[in-house]
Amino acid sequence: MRTVLVTTTAILLAAACSGGETGPASPEPSPSASEAASQEKTGDDAAAEEAETEAESPVPETLTSKDGYTLTPVTGGLTFPWDMVFLPSGDMLVSERDGHIRIIRDGELVAEPIAGTPEPLVEGQGGYFAMALDPDFAANRTLYLAYAKGTSEENTTAVIKGTLSEDLSSLNDVQEIFAGTPRATTYHYGGRLAFLPDGTLIVTLGEGFRYMDEAQNPMNYHGTIVRINPDGSIPEDNPYASGEEGAPAVWSYGHRNVQGLVWDETREILWAHEHGPKGGDELNIIEPGKNYGWPEITFGVNYDGTIISEKTKAPGMEQPVVKWVPSIAPSGMTLLGGAEWADWDGDLIVAAMNGPKGQKLVHVDLDEAGEVLGTEDMLADLEIPFRDVASGPDGRLYAATANMEGVIYVISETDPE
């Protein structure tokens, strides 16, 4: 039976993603749950706190933003939705932080979650994270899931794969294919997944906040993006495949907490965004073996205002293509395509939670080569924290809220009257 912490503190912390533990970046004991809760209010904890006080979840309503977009609810009744994946059938899978994978079929939330999924650590920022379909899903029905595994004292981000039954009732033959470096913290897990055209799987990993200095050490998996084969083995062309100068699965390092990941097939670019500290969220182009600087270079500061680093650039460290100061608390990210968003075809949409400048979507305008032409905020007046955003097979744009009482909307341009 799955064990889930449902105390007030756990509910508050379960939403937290834009920040990290406050204190020294050393393997000392974590702050108490109450201390962490009070220090993390700059993130999406506020949404959880507000949702917790509601007597019952409201019926989702259609919303219209001042900048001309309509949000039509697909379904409510979700608990901290984290990731959305579309099946070839048109059904949608949604991972919930508390350790369930739900099914949305014909606009209705199926009551029973998928059985046979692993038990997560649901504490702090831990729980279920992203999913991915095998490139050959139509033939093998293999589903991948990233989640927090372990105990409060020793845990990590792990990835499993299993076979999804034809009726979507269960995940069978589940096996773990990857686990990151163990840490004694329940913050900064990363947890996004994406397949590259060669069939290898990309996994993002956070640095656990107080292990931030280890993000500069590619010999471990703290603050890295890794690349593995679908069976968990190491591709021979990984930059540190030999293990002599870095951990074999490392693809890039120097990251803080990567929670947005998109493979851009047309441009052959791997896009990733990550949470900065107080300020300094980043959008990056990920290339093998590169160092993305955290915490040696950063555009942010500690949550108490103290300096992490005086440097924003250094030799051998990559610069972001977009930075957000103050923070937006970026979460999901998708690449647009399809007739409904033809004018923005090939552009990125970034979801933002409860950062100081968050609670919105951000349109990142790209040219044919992937150069950023500019960014544009969307839906900001609605003040909704968004956890995930996805382009559906129907060409429409879907967004999931970051609240405890989660809602999935489909977003369209408002018809002029």
Side-chain angles (χ1 to χ4, degrees), residues 2 57 59-60 62 71-118 120 127-147 159-174 191-195 201 230 261-263 331-341 349 351 386-403 405-412:
R2 180 172 288 119
S57 58
V59 176
T62 298
L71 285 71
T72 305
V74 176
T75 188
L78 295 160
T79 304
F80 290 126
W82 211 93
D83 188 38
M84 298 177 285
V85 167
F86 291 89
L87 298 176
S89 64
D91 294 336
M92 180 194 292
L93 301 183
V94 182
S95 61
E96 294 179 311
R97 287 287 301 277
D98 64 352
H100 298 103
I101 300 177
R102 308 296 297 278
I103 306 159
I104 298 174
R105 179 175 294 133
D106 299 326
E108 298 290 334
L109 180 64
V110 175
E112 291 298 319
I114 293 173
T117 58
Y128 274 10
F129 307 131
M131 301 169 288
L133 301 183
D134 191 274
D136 199 20
F137 178 84
N140 62 28
R141 300 195 61 80
T142 300
L143 175 70
Y144 298 78
L145 170 71
Y147 73 109
V159 180
I160 59 95
K161 70 174 185 176
T163 303
L164 189 60
S165 64
E166 291 285 349
D167 63 0
L168 308 187
S169 65
S170 63
L171 193 66
N172 305 307
D173 304 320
V174 172
R192 288 288 175 185
L193 304 174
F195 274 96
L201 179 63
L261 185 68
V262 169
W263 169 250
S331 49
M333 179 168 59
T334 194
L335 196 68
L336 282 177
E340 186 160 343
W341 299 93
I349 299 293
F386 292 102
R387 163 57 75 178
D388 195 32
V389 63
S391 299
D394 55 6
R396 298 197 291 173
L397 179 63
Y398 294 80
T401 69
N403 298 328
E405 298 289 347
V407 179
I408 292 177
Y409 293 100
V410 61
I411 300 171
S412 59

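The side-chain heavy atoms of Ser169 and Ile114, taken from C-beta on, include no pair separated by under 4.5 Å. Side-chain contact check for Leu87 versus Leu168: some heavy-atom pair is nearer than 4.5 Å. With a 4.5 Å cut-off on side-chain heavy atoms, Leu171 and Ile160 count as touching. The shortest side-chain heavy-atom distance between Arg192 and Asp388 falls under the 4.5 Å cut-off. The shortest distance between side-chain heavy atoms of Ile408 and Met92 falls below 4.5 Å. Looking at Pro120 and Phe129, their side chains never come closer than 4.5 Å, going by heavy atoms from C-beta outward. Taking 4.5 Å as the limit, every side-chain heavy atom of Pro81 sits out of range of all side-chain heavy atoms of Arg387. Side-chain contact between Leu164 and Phe137 is present, with at least one heavy-atom pair separated by less than 4.5 Å.
Atom CD1 of Ile101 sits about 11.0 Å away from atom OG of Ser170, to the nearest 0.5 Å. In this structure, Tyr398 OH and Thr72 OG1 are separated by 10.0 Å, a value rounded to the nearest 0.5 Å. With rounding to the nearest 0.5 Å, the separation of CG in Asp173 from CZ in Arg141 is 13.0 Å. Atom CZ of Arg102 and atom CG of Leu109 lie 4.0 Å apart (nearest 0.5 Å). Between the CD1 atom of Ile103 and the OG1 atom of Thr75 there is a distance of 12.5 Å, given to the nearest 0.5 Å. Taking CH2 from Trp341 and OG from Ser412, the interatomic distance works out to 7.0 Å, rounded to the nearest 0.5 Å.
The two residues Met131 and Leu93 make their nearest non-hydrogen contact at CE-O, 3.5 Å. The two residues Leu193 and Leu261 have their closest heavy-atom pair at C-CD2, 3.7 Å. Residues Gly191 and Trp82 approach most closely at O-CZ3, 4.1 Å, considering heavy atoms. The minimum heavy-atom distance between Leu335 and Ser391, with the atom names listed, is O-OG, 3.0 Å. Among all heavy-atom pairs drawn from Asn140 and Thr163, the shortest one is O-CG2, 3.9 Å. The two residues Pro230 and Tyr144 have their closest heavy-atom pair at CB-OH, 3.3 Å.
A donor and an acceptor atom, one from each side chain of Thr117 and Tyr128, are located under 3.5 Å apart.
Side-chain atoms of Ser331 come within 3.5 Å of backbone atoms of Phe386 as a donor-acceptor pair (strictly under, hydrogens ignored). A distance-only check finds no donor-acceptor pair linking the side chain of Asn403 to the backbone of Glu405 [under 3.5 Å]. A donor-acceptor pair under 3.5 Å links the side-chain atoms of Glu96 to the main chain of Thr79, judged by distance alone.
Within a 6.0 Å sphere centred on CG of Asp167, heavy atoms belonging to other residues, nucleotides or ligands number more than 12.
Under the rule for a side-chain contact (heavy atoms from CB on, under 4.5 Å), the partners of Pro135 that lie at least two apart in sequence or sit in another chain are Phe195.
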